[in-house]
Enquirer: 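Let me begin by handing over the structure; questions about it come next.
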Amino acid sequence: MSMVQATDLVHEYIRRDEEGNVESINTALNKLNINVEKGEFVAILGHNGSGKSTFAKHINVLLKGSEGTLYVNGYDAADKKNIWNIRQSAGIVMQNPDNQIIGTVVEEDVAFGPENIGIPTDEIIRRVEKSLDKVGMLEHRYESPNKLSGGQKQKVAIAGILALKPKCIVLDEPTAMLDPRGRKDVIETVTWLNKEEGITVILVTHNMDEVVAADRVIIMDKGAVVKEGTPREVFEDIDGLTKLKLDVPQVTKIGDNLRKSGIPISKVILTVDELVEEIATIANVISK
């Protein structure tokens, strides 16, 4: 069953002058068709202006399309009555965690969402503890968010979404402002939530190394889907990605260069461990 189903979805950013006359129209989503099944981990890639972040905001009904349809967890996003149900079904984590953290203490911030929907105090306490534990931040529950690193803040933001018990988490460039360690921590956290907790994950990013754990990769360009498949299938077409102004993981490049130099690398390489294993296999064959 679909968690997110977009059919011919269109979104236009209209710029008007002081008198209300239309000066320009930018079509951010151009008859977009995307289907995400419940429990999937889907990564959405695209260069700046491809429409991927606009689509992310549609999933949480921060934006509404002018044409087409969007269903989130079975709810029609065009119906105002469904907005709250959709936002409970799919939480969104933005690029800058400081824009989502409002509490002066970590546990207060995580409790903010459940408090606003009238969850009983005892249940809020349980949800806060469980959510912070899931993202590895329980030991920081009494600290000020201002004392946390960027990666830790982003995990607190994720915990705040988890406390609402969503079926889906949408992450819009969640690591763009983080250092390598922070990026690794956040991606490991959302991967665990998907694999172990069964939460649908939609990761919007331009960082190729972050999508290796995804079940499926969707590439957008000019507001539409231009390519999709498993990470290995997508990264196999390095020339095609280059034309779309996209790169591939560094280790994938290394594997491709080795193959072009005559070393019989048998598959598209996605991780350092895969590269080490492949080279070891080749070395064993040669030594025999």
Enquirer: Any idea which heavy atoms bring F41 and A213 closest together, and the distance?
Expert: CD1-O, 3.7 Å
Enquirer: Report yes or no: does S131 contribute a side-chain atom to a donor-acceptor pair with the main-chain N or O of A163 at less than 3.5 Å?
Expert: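 Here the side-chain-to-backbone pair exists.
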Enquirer: Whether E173 and K52 form a salt bridge (side-chain N of Lys/Arg under 4.0 Å from carboxylate O of Asp/Glu) is what I want to check.
Expert: yes
Enquirer: D256 vs R259, test: salt bridge (Lys or Arg N to Asp or Glu O under 4.0 Å). Steps then yes/no.
Expert: CA-CA 5 Å; D256 186 61; R259 187 183 301 105; 3.3 Å; yes
Enquirer: So which atom in A90 and which in I59 form the shortest heavy-atom distance, rounded to 0.1 Å?
Expert: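 Where A90 meets I59 most closely, the heavy atoms are CB-CG2, 4.0 Å.
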Enquirer: Nearest 0.5 angstrom please: L203 CG to I218 CD1, how far?
Expert: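 Rounded to the nearest 0.5 Å, the CG-CD1 separation comes out at 11.5 Å.
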Enquirer: Applying side-chain contact (heavy atoms from CB on, under 4.5 Å), name anything that partners A224, two or more places apart in sequence or on another chain.
Expert: none
Enquirer: Going through the distances and angles, do I158 and V186 end up as a side chain to side chain contact (heavy atoms under 4.5 Å, CB included)?
Expert: CA-CA 9 Å; I158 294 171; V186 169; 4.2 Å; yes
Enquirer: Listing request: all salt bridge (charged side-chain N to carboxylate O under 4.0 Å, His left out) pairs with a residue in residues 205-229, at least two apart in sequence or in separate chains.
Expert: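 Sorted result for residues 205-229: E40-R216, K195-D215, R216-E228, K227-D237.
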Enquirer: If hydrophobic clusters are built by linking Ile, Leu, Val, Met, Phe, Trp and Tyr wherever their side-chain heavy atoms come under 4.5 Å apart, do I124 and L138 end up in the same one?
Expert: yes
Enquirer: Which pairs count as side chain to side chain donor-acceptor pair (under 3.5 Å) when at least one residue sits in residues 241-250, sequence neighbours excluded?
Expert: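 Those involving residues 241-250 are D247-K253.
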Enquirer: In this structure, would L132 and L162 fall into the same cluster of hydrophobic residues linked by side-chain contacts under 4.5 Å?
Expert: yes
Enquirer: Under the side chain to side chain donor-acceptor pair (under 3.5 Å) rule, collect the residues that match up with E123, sequence neighbours excluded.
Expert: R126, R127
Enquirer: In the structure I gave you, are the side-chain heavy atoms of T175 and Q154 within less than 4.5 Å of one another anywhere?
Expert: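 No, every pair of side-chain atoms sits at 4.5 Å or beyond.
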Enquirer: So, do L148 and M137 sit near enough that their side-chain heavy atoms are less than 4.5 Å apart?
Expert: yes
Enquirer: Between I265 and I282, does a side chain to side chain contact (heavy atoms under 4.5 Å, CB included) hold up when you go through it step by step?
Expert: CA-CA 8 Å; I265 302 293; I282 294 169; 3.8 Å; yes
Enquirer: Give a yes or no on whether V4 and W84 share a hydrophobic cluster (residues Ile, Leu, Val, Met, Phe, Trp, Tyr; joining criterion: side-chain heavy atoms under 4.5 Å apart).
Expert: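 No, because V4 and W84 fall into different hydrophobic clusters, even though each may have its own neighbours under 4.5 Å.
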Enquirer: How would you list, by chain and number, every residue that makes a ring-ring contact (aromatic ring centres under 6.0 Å, His included) with H11, sequence neighbours excluded?
Expert: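 Partners of H11 by the ring-ring contact (aromatic ring centres under 6.0 Å, His included) criterion, ordered by chain and then number, come out as Y13, H58.
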Enquirer: Quick check for you: to the nearest 0.5 Å, what is the distance between I14 atom CD1 and S66 atom OG?
Expert: 7.5 Å
Enquirer: Test of understanding: with salt bridge (charged side-chain N to carboxylate O under 4.0 Å, His left out), list the residues that count as partners of E37, not counting sequence neighbours.
Expert: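 Expected list: none.
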Enquirer: Taking all non-hydrogen atoms of both residues, which atom of G151 and which atom of L178 are closest, and how far apart?
Expert: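 Closest approach of G151 to L178, heavy atoms only: N-CD2, 3.5 Å.
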Enquirer: Apply salt bridge (charged side-chain N to carboxylate O under 4.0 Å, His left out) to K155 and list each qualifying residue two or more places apart in sequence or on a separate chain.
Expert: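 K155: no salt bridge (charged side-chain N to carboxylate O under 4.0 Å, His left out) contacts found.
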Enquirer: Let's go through V72 and N85 carefully: what are the C-alpha distance in whole Å and the side-chain angles of both, what is the deciding distance for side chain to side chain contact (heavy atoms under 4.5 Å, CB included) to 0.1 Å, and is it a yes or a no?
Expert: CA-CA 9 Å; V72 180; N85 287 325; over 6 Å; no
Enquirer: If hydrophobic residues (ILVMFWY) are linked whenever their side-chain heavy atoms come closer than 4.5 Å, directly or via other members, who joins F235 in its cluster?
Expert: L45, M208, V211, V212, V217, I219, V226, V234, I238, L241, L244, L246, V248, V268, L270
Enquirer: Is it possible for you to say whether V156 and L171 belong to one hydrophobic cluster, with membership spreading through side-chain heavy-atom contacts below 4.5 Å?
Expert: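 Yes, it is one cluster - the side chains of V156 and L171 are joined through contacts under 4.5 Å.
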Enquirer: Is it true that a side-chain atom of Q152 and a backbone atom of S149 form a donor plus acceptor pair closer than 3.5 Å?
Expert: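 Present.
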Enquirer: Using a 3.5 Å cut-off and no angle test, enumerate the donor-acceptor pairs between side-chain atoms of residues 92-107 and protein atoms at least two apart in sequence or in another chain.
Expert:
from, atom 1, to, atom 2, distance (Å)
N96, OD1, D98, N, 3.0
D98, OD1, K153, NZ, 3.1
Q100, OE1, M94, N, 2.6
Q100, NE2, I92, O, 3.0
T104, OG1, E108, OE1, 3.2
E107, OE1, R141, NE, 3.0
E107, OE1, R141, NH2, 3.0

Enquirer: Compare all side-chain heavy atoms of E274 with those of E278 and state whether any distance is below 4.5 angstrom.
Expert: no
Enquirer: Which heavy atom of G223 sits nearest to which heavy atom of M220, and what is that distance?
Expert: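 So the minimum-distance heavy-atom pair works out to C-CE, 4.0 Å.
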Enquirer: Kindly write out the residues that satisfy side chain to side chain donor-acceptor pair (under 3.5 Å) with R16, not counting sequence neighbours, or none if the list is empty.
Expert: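 Applying side chain to side chain donor-acceptor pair (under 3.5 Å) to R16 gives none.
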Enquirer: Taking atom CZ of F112 and atom CG of L164, what is their separation to the nearest 0.5 Å?
Expert: 10.5 Å
Enquirer: Could you tell me the separation between the CG atom of L275 and the OG1 atom of T252, rounded to the nearest 0.5 Å?
Expert: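 Rounded to the nearest 0.5 Å, the CG-OG1 separation comes to 9.5 Å.
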Enquirer: Taking the side chain from N33 and the backbone from D8, do they hold a donor-acceptor pair closer than 3.5 Å?
Expert: yes
Enquirer: Decide yes or no for E67 and K31: does some side-chain heavy atom of the first lie under 4.5 Å from some side-chain heavy atom of the second?
Expert: yes
Enquirer: Of the non-hydrogen atoms in W192 and E197, which two are nearest, and what is the gap between them?
Expert: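 That would be CH2-OE2, 3.4 Å.
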Enquirer: First locate atom CD1 of I199, then atom NZ of K38, and finally report the distance between them rounded to the nearest 0.5 Å.
Expert: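 Interatomic distance, I199 CD1 to K38 NZ, rounded to 0.5 Å: 13.5 Å.
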Enquirer: To the nearest 0.5 Å, what is the distance between OG (S2) and CD1 (I34)?
Expert: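 That separation rounds to 12.0 Å.
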Enquirer: Name all residues meeting the side chain to side chain donor-acceptor pair (under 3.5 Å) criterion together with N26; count only those two or more places apart in sequence or in a different chain, and write none if there are none.
Expert: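 Partners of N26 by the side chain to side chain donor-acceptor pair (under 3.5 Å) criterion come out as none, since no residue qualifies.
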Enquirer: Applying side chain to side chain donor-acceptor pair (under 3.5 Å), can you list everything that pairs with R87, at least two apart in sequence or on another chain?
Expert: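 In terms of side chain to side chain donor-acceptor pair (under 3.5 Å), with neighbours along the sequence ignored, R87 is linked to no residue.
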Enquirer: What's the verdict on side chain to side chain contact (heavy atoms under 4.5 Å, CB included) for I83 and K64, showing C-alpha distance, side-chain angles and the deciding distance?
Expert: CA-CA 11 Å; I83 291 178; K64 286 190 177 182; 4.0 Å; yes
Enquirer: Looking only at non-hydrogen atoms, find the nearest pair between C168 and I202 and report the distance.
Expert: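 That closest heavy-atom pairing would be SG-CD1, 4.0 Å.
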Enquirer: Do the side chains of I44 and L29 join up, straight or via other hydrophobic residues, at under 4.5 Å, putting them in one cluster?
Expert: yes
Enquirer: Other residues, nucleotides and ligands only: do more than 12 of their heavy atoms fall within 6.0 Å of CG on N48?
Expert: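 Open: at most 12 neighbouring heavy atoms sit under 6.0 Å from CG of N48.
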